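Here is the structure we will look at.
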Amino acid sequence: MEKHNLKSLYLTLAASSAAGYFFLPKANWAGCSLLIAACLLVAFLGRERIEDERVEHLKLKAVKAAFAAAFILVFLYTWLIAMLRREGWREHLLSAYDMIILTMLIALGLFHYWRWQDGKAGPAA
Amino acid sequence: MKNRLKELRAAREWSQGELADKLAVSRQTINAIETEKYDPSLPLALKIGKLFKLPVEEIFEADRT
């Protein structure tokens, strides 16, 4: 199996792990989030079918934007949790793996969106 | 940066895919250069110049700011 085809496999594994957490009663988020984070990292950092300079440029741009966006989202989430905290309410505390998952999801989305835009024909001259 | 890549490619009746294969890049990269979304690196620009047998300055023109 070619290296770039493994990306679909890793994304499927990540999605299955997430689904497993929600549907299996004994699943714990610590283990699931580790697997999801690892799969998303490999999917993002893995080789594309044609790994040229534009792909490297877009991946770097995507991860920079994703880091900033993920940081803002985590900050807002933590602030909201502090604001809305109620007695007896058990909130989900974010781990480093959650941050990696969020960053990689945003980075993958941005990279593929920009890559799709690259392939679109420009305005007619 | 403005460029004449589309015009030069059309003159030789090459598709974007064929040009991409000759330059060992993806078709999306060629489209991004032609639509001026992306400026190629120096090695790629020199490769383009060598392929079309033209100096880089005759293919790419810096934007006037």
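Owing to the predicted nature of the structure, the values given are computational and were not obtained by experimental measurement. Naming: A, B, ... by sequence-line order, numbering from 1 per chain.
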Are Phe44(A) and Leu13(A) grouped together when hydrophobic residues (ILVMFWY) are joined by side-chain heavy atoms under 4.5 angstrom apart? no

Between Ser26(B) and Arg115(A), does a side chain to side chain donor-acceptor pair (under 3.5 Å) hold up when you go through it step by step? CA-CA 11 Å; Ser26(B) 61; Arg115(A) 199 79 182 121; 2.4 Å; yes

Of the backbone (N, CA, C, O) and the side chain (C-beta and beyond), which part of Asp52(A) lies under 4.5 Å from a heavy atom of chain B, both, or neither? side chain

May I ask whether Leu54(B) and Leu42(B) are part of the same hydrophobic cluster, defined by side-chain heavy atoms of I, L, V, M, F, W, Y residues being less than 4.5 angstrom apart, directly or through others? yes

Let's go through Glu53(A) and Tyr38(B) carefully: what are the C-alpha distance in whole Å and the side-chain angles of both, what is the deciding distance for side-chain contact (heavy atoms from CB on, under 4.5 Å) to 0.1 Å, and is it a yes or a no? CA-CA 10 Å; Glu53(A) 58 183 57; Tyr38(B) 174 64; 2.7 Å; yes

Is there a chain of hydrophobic side chains (I, L, V, M, F, W, Y, each step under 4.5 Å between heavy atoms) that links Val55(A) to Leu40(A)? yes

Heavy-atom pair with the smallest gap, counting every atom of Thr35(B) and Lys120(A): CG2-O, 4.5 Å

Interface moiety of Pro40(B) toward chain A, non-hydrogen atoms closer than 4.5 Å: both

Residue Phe60(B) excluded, over 12 heavy atoms near CZ under 6.0 Å: yes

Is Lys37(B) close to Asp118(A) at the side-chain level, that is, under 4.5 Å between some pair of heavy atoms? yes

If you group Ile, Leu, Val, Met, Phe, Trp and Tyr by side-chain heavy-atom gaps below 4.5 Å, do Leu80(A) and Ile72(A) land in one group? no

If you look at every heavy atom in Ala32(B) and Arg54(A), which pair is closest and at what distance? CB-NE, 4.0 Å

Gap separating the CD1 atom of Ile50(A) from the CZ atom of Arg27(B), nearest 0.5 angstrom: 10.5 Å

Same cluster or not: Ile101(A) versus Leu35(A), using hydrophobic residues (I, L, V, M, F, W, Y) connected whenever any side-chain heavy atoms lie under 4.5 Å apart? no

